[in-house]
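Only a predicted model underlies this, so the values are computations on that prediction, with no experimental measurement involved.
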Amino acid sequence: MGREAQFSIQWEPHGHARISHGLVGGEQVAVIVKHKNHTYTNSGIYSVHVLGAELRDRFRGIKEARDAGDAEYERKRPG
């Protein structure tokens, strides 16, 4: 069974911004921060903060950062 729509994080378009916000019901619940540019070999490009706490891991791709943010929000979301 999928998540209810009102609890899904709506991520800002990524583009080339250093920071991408995640909103639920118009309230910011998550932030993804880009720490360095992509190269062929680097990793740890993005950190993810959900409900004010930074996730331990860093991520190479924006999709995996968003997926981790979504999963963490599901674990911690109020209600």
Side-chain angles (χ1 to χ4, degrees):
M1 201 167 181
R3 291 184 299 195
E4 296 178 33
Q6 70 264 27
F7 296 122
S8 297
I9 295 178
Q10 301 298 310
W11 295 101
E12 291 181 323
H14 176 55
H16 295 285
R18 185 178 163 284
I19 296 176
S20 178
H21 299 94
L23 308 173
V24 172
E27 179 183 346
Q28 181 179 300
V29 298
V31 177
I32 296 174
V33 179
K34 183 176 183 181
H35 295 277
K36 53 188 169 182
N37 291 322
H38 285 91
T39 67
Y40 288 109
T41 59
N42 69 356
S43 60
I45 296 170
Y46 299 101
S47 64
V48 181
H49 305 253
V50 176
L51 297 174
E54 184 174 354
L55 276 61
R56 183 179 60 167
D57 295 328
R58 290 210 174 169
F59 305 91
R60 176 167 171 70
I62 190 68
K63 182 182 182 325
E64 65 183 322
R66 286 178 174 173
D67 289 348
D70 290 337
E72 184 70 5
Y73 183 71
E74 280 298 308
R75 283 191 287 278
K76 290 186 168 182
R77 72 179 163 97

Under 3.5 Å, which donor-acceptor pairs link side chains of residues 21-28 to any protein atom two or more places apart or in another chain?
from, atom 1, to, atom 2, distance (Å)
His21, ND1, Glu12, OE1, 3.0
His21, ND1, Glu12, OE2, 3.4

>> According to side chain to side chain contact (heavy atoms under 4.5 Å, CB included), who are the partners of Thr39, at least two apart in sequence or on a separate chain?
In response: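 In terms of side chain to side chain contact (heavy atoms under 4.5 Å, CB included), with neighbours along the sequence ignored, Thr39 is linked to Thr41, Asn42.
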>> Once side chain to side chain contact (heavy atoms under 4.5 Å, CB included) is applied, do any residues pair with Ala30, and if so which ones, sequence neighbours excluded?
In response: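 With sequence neighbours excluded, Ala30 shows a side chain to side chain contact (heavy atoms under 4.5 Å, CB included) to Ile9, Trp11, Val50, given in chain and number order.
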> In the hydrophobic cluster built from side-chain contacts under 4.5 Å, what are the other members alongside Val33?
Replying inline: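 Cluster partners of Val33: Ile19, Val31.
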> Which pair of non-hydrogen atoms, one from Ala53 and one from Lys76, has the smallest distance, and what is that distance?
Replying inline: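 Nearest pair, atom of Ala53 first, then Lys76: CB-NZ, 3.8 Å.
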> Under the side chain to side chain donor-acceptor pair (under 3.5 Å) test, which residues partner Asp57, sequence neighbours left out?
Replying inline: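 Checked Asp57 against side chain to side chain donor-acceptor pair (under 3.5 Å); zero matches.
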>> Holding to salt bridge (charged side-chain N to carboxylate O under 4.0 Å, His left out), I want the full list of residues that pass it with Arg75, two or more places apart in sequence or in another chain.
In response: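 For Arg75 the salt bridge (charged side-chain N to carboxylate O under 4.0 Å, His left out) partners, ignoring immediate neighbours, are Glu72.
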> With Lys36, which residues qualify under salt bridge (charged side-chain N to carboxylate O under 4.0 Å, His left out), at least two apart?
Replying inline: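 None.
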Quick check: do [X] and [Y] have side-chain heavy atoms less than 4.5 Å from each other?
{"X": "His35", "Y": "Ser47", "result": "yes"}
{"X": "Phe59", "Y": "Ile45", "result": "no"}
{"X": "Ser20", "Y": "Lys34", "result": "no"}

> Please walk me through it: do Lys63 and Asp67 pass salt bridge (Lys or Arg N to Asp or Glu O under 4.0 Å)?
Replying inline: CA-CA 6 Å; Lys63 182 182 182 325; Asp67 289 348; 2.8 Å; yes
